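One structure below.
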Amino acid sequence: MDLEVRVIPRAGRTGFGGLRDGVLRVRLAAAPVDGAANDELIALVARTLRIPKRHITIVSGERARSKRVRITGVDREQALAKLV
């Protein structure tokens, strides 16, 4: 499944900010330098869904705040219930 994500880097703390217009908002404490924010995003989603990080990939938006994340092994409703 693909999930639209809007990332807010350099936030005070890492966490989910809810769903707005079908886009999941995610606050990340990491700065968007050398892929640190992307790594933190993948780790946060994997930890929350209790799946391996290798099941999560950033399909588009690697260098932007708006991203499309592909998650395998979890159905959309279950994932959104845990992430929101």
Side-chain angles (χ1 to χ4, degrees):
M1 80 155 198
D2 285 358
L3 185 63
E4 298 292 324
V5 177
R6 175 78 175 165
V7 173
I8 302 164
R10 290 192 181 113
R13 64 180 175 203
T14 297
F16 297 101
L19 203 61
R20 183 177 289 172
D21 298 326
V23 177
L24 180 66
R25 295 173 54 94
V26 181
R27 295 180 308 273
L28 300 173
V33 178
D34 295 329
N38 289 338
D39 294 342
E40 188 171 345
L41 172 65
I42 290 171
L44 175 65
V45 172
R47 186 172 55 246
T48 304
L49 296 178
R50 295 189 173 124
I51 60 174
K53 289 192 271 185
R54 68 179 177 270
H55 288 204
I56 302 166
T57 55
I58 297 175
V59 178
S60 65
E62 223 172 86
R63 300 184 63 121
R65 289 181 183 214
S66 296
K67 302 177 186 297
R68 177 171 289 142
V69 177
R70 181 164 293 149
I71 304 170
T72 57
V74 179
D75 106 331
R76 185 174 183 82
E77 290 77 28
Q78 290 174 343
L80 284 176
K82 291 180 181 179
L83 296 174
V84 174

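On a predicted model such as this, the values are computed, not experimentally measured, just so you know.
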Below 3.5 Å, can you tabulate the donor-acceptor pairs from side chains in residues 43-62 to any protein atom, sequence neighbours excluded?
| residue | atom | partner | partner atom | Å |
| --- | --- | --- | --- | --- |
| Thr48 | OG1 | Leu44 | O | 2.8 |
| His55 | ND1 | Thr72 | O | 3.4 |

Considering only distance and modelled atom types, tabulate donor-acceptor pairs under 3.5 Å from the side chains of residues 73-84, sequence neighbours left out.
| residue | atom | partner | partner atom | Å |
| --- | --- | --- | --- | --- |
| Asp75 | OD1 | Glu77 | N | 3.3 |
| Asp75 | OD1 | Gln78 | N | 2.9 |
| Arg76 | NH1 | Asp2 | O | 2.8 |

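Cluster annotation: Phe16 and Leu19 are assigned to the same hydrophobic cluster (Ile/Leu/Val/Met/Phe/Trp/Tyr, side-chain heavy-atom contacts under 4.5 Å, transitive).
When all heavy atoms of Arg10 and Ala31 are compared, the pair lying nearest together is NE-CB, 3.6 Å.
Clustering of Ile, Leu, Val, Met, Phe, Trp and Tyr by side-chain heavy atoms under 4.5 Å joins Val23 with none of the others.
Considering only heavy atoms from C-beta on, Leu41 comes within 4.5 Å of Val7 through its side chain.
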| query | Stepwise, does the side-chain contact (heavy atoms from CB on, under 4.5 Å) test hold for Leu3 with Leu24? | reply | CA-CA 8 Å; Leu3 185 63; Leu24 180 66; 3.9 Å; yes
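Checked against side-chain hydrogen bond (donor to acceptor under 3.5 Å, both in side chains), Arg68 has the following partners two or more places apart in sequence or in another chain: Glu4. Every residue meeting the side-chain contact (heavy atoms from CB on, under 4.5 Å) condition with Ala36, not counting sequence neighbours, appears here in chain and number order: Ala30. Applying the side-chain contact (heavy atoms from CB on, under 4.5 Å) test to Ala11 and every residue at least two apart in sequence or in another chain returns Arg27. Looking at residues two or more places apart in sequence or on another chain, you find a side-chain contact (heavy atoms from CB on, under 4.5 Å) between Ser66 and Arg6.
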